[in-house]
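One structure below.
The residues of the chain are indexed from 1 along the displayed sequence.
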Amino acid sequence: MHQHIEWDEPGSASVIDYFKKRPDHNGQPDPGDIISARYQGAMVRVKVEAYREDDAVSIGEVAAIIDSHGKRHQSHNKLEVGHIVRVPDDKRAMETPPKDD
């Protein structure tokens with residue numbers, strides 16, 4: 001069973017928008033790939049275990065939760081490293097550099 005997460009909108013960091021501008025590249029992740037999404041302001045890295053092409057969703061294990069300053073956490077609200085999650089393609093986000101203090 002997977003943990004249901006309400007992912008943040010990726011905005012200008014949208015992976016979908018990136019690949020729309022590069023139609024010669026395949027944006028579909030493969031098992032073992034690491035994808036990113038945002039959850040309540042944190043960057044979440046997910047190791048893909050499967051990709052469901054029929055509904056454009058990656059299923060995988062949370063590998064890292066990183067705050068806006070680059071610090072790693074074991075959990076963030078109801079999400080924890082190790083949880084199995086579903087990440088729709090339209091919620092995938094490009095990595096952003098940490099903010100300087």
Side-chain angles (χ1 to χ4, degrees):
M1 189 72 159
H2 68 275
Q3 179 74 22
H4 179 76
I5 296 297
E6 293 293 330
W7 299 104
D8 297 350
E9 291 296 326
S12 63
S14 169
V15 169
I16 293 281
D17 289 348
Y18 175 85
F19 284 111
K20 280 182 185 173
K21 297 174 188 169
R22 292 158 183 82
D24 53 327
H25 291 85
N26 177 5
Q28 179 177 318
D30 294 313
D33 287 352
I34 303 292
I35 61 170
S36 298
R38 296 191 177 135
Y39 172 62
Q40 297 184 351
M43 181 60 66
V44 179
R45 292 182 184 156
V46 176
K47 184 175 182 181
V48 176
E49 295 176 3
Y51 182 77
R52 292 182 44 144
E53 195 168 345
D54 57 327
D55 55 357
V57 171
S58 298
I59 302 167
E61 180 178 339
V62 174
I65 301 170
I66 305 165
D67 68 20
S68 62
H69 300 286
K71 184 177 178 194
R72 291 176 178 257
H73 299 271
Q74 282 299 114
S75 64
H76 182 62
N77 294 323
K78 69 177 188 173
L79 184 64
E80 295 180 13
V81 170
H83 277 165
I84 302 297
V85 295
R86 296 169 49 95
V87 182
D89 279 356
D90 66 346
K91 300 297 183 179
R92 289 172 50 203
M94 303 295 243
E95 289 279 341
T96 54
K99 294 179 186 173
D100 292 332
D101 286 333

Item checked: Exercise: identify the closest heavy-atom pair between Ser58 and Ile35 -> CB-CD1, 3.6 Å
Note to self: So does Arg86 get a backbone contact from the side chain of Trp7, meaning a donor-acceptor N/O pair under 3.5 Å?
What the structure shows: yes
Item checked: Closest contact, heavy atoms only, Val85 versus Gln3 -> CG1-O, 3.8 Å
Margin query: Contact between Arg92 and Val87 at the side-chain level, heavy atoms closer than 4.5 Å - yes or no?
Written below: yes
Item checked: Arg38 and Met43, any side-chain heavy atoms less than 4.5 Å apart -> yes
Margin query: Test your reading of the model: is there a side-chain donor-acceptor pair from Lys78 to the backbone of His4, 3.5 Å cut-off?
Written below: yes
Note to self: I need the minimum non-hydrogen distance between Asp8 and Gly41, along with the two atoms involved.
What the structure shows: OD2-N, 2.9 Å
Check: Are any of the side-chain heavy atoms of Glu49 and Pro31 separated by less than 4.5 Å?
Finding: no
Notebook entry, point to check: Just how far is it from atom CD1 of Ile66 to atom NE2 of His73, taken to the nearest 0.5 Å?
Noted result: 9.5 Å
Check: Is the closest side-chain heavy-atom distance between Tyr51 and Asp89 below 4.5 Å?
Finding: yes
Checklist line | Lys91 side, atom NZ; Ile5 side, atom CD1 - distance, nearest 0.5 Å | finding: 12.5 Å
Note to self: Would you say Ile59 ends up clustered with Val44 if hydrophobic residues are merged whenever their side chains have heavy atoms under 4.5 Å apart, either directly or through other cluster members?
What the structure shows: no
Next item on the list: Identify the heavy atoms of Ile65 and Ser75 that sit nearest to each other, and give their distance.
Entry: CD1-CA, 3.9 Å
Next item on the list: Determine whether Val57 and Val48 fall in the same hydrophobic cluster, where Ile, Leu, Val, Met, Phe, Trp and Tyr are linked whenever their side-chain heavy atoms lie under 4.5 Å apart.
Entry: no
Margin query: Restricting to non-hydrogen atoms, name the atom on Ala42 and the atom on His76 that form the minimum distance, rounded to 0.1 Å.
Written below: CB-CD2, 3.9 Å
Check: Can you check whether Val46 reaches Glu61 side chain to side chain, under 4.5 Å on heavy atoms?
Finding: no
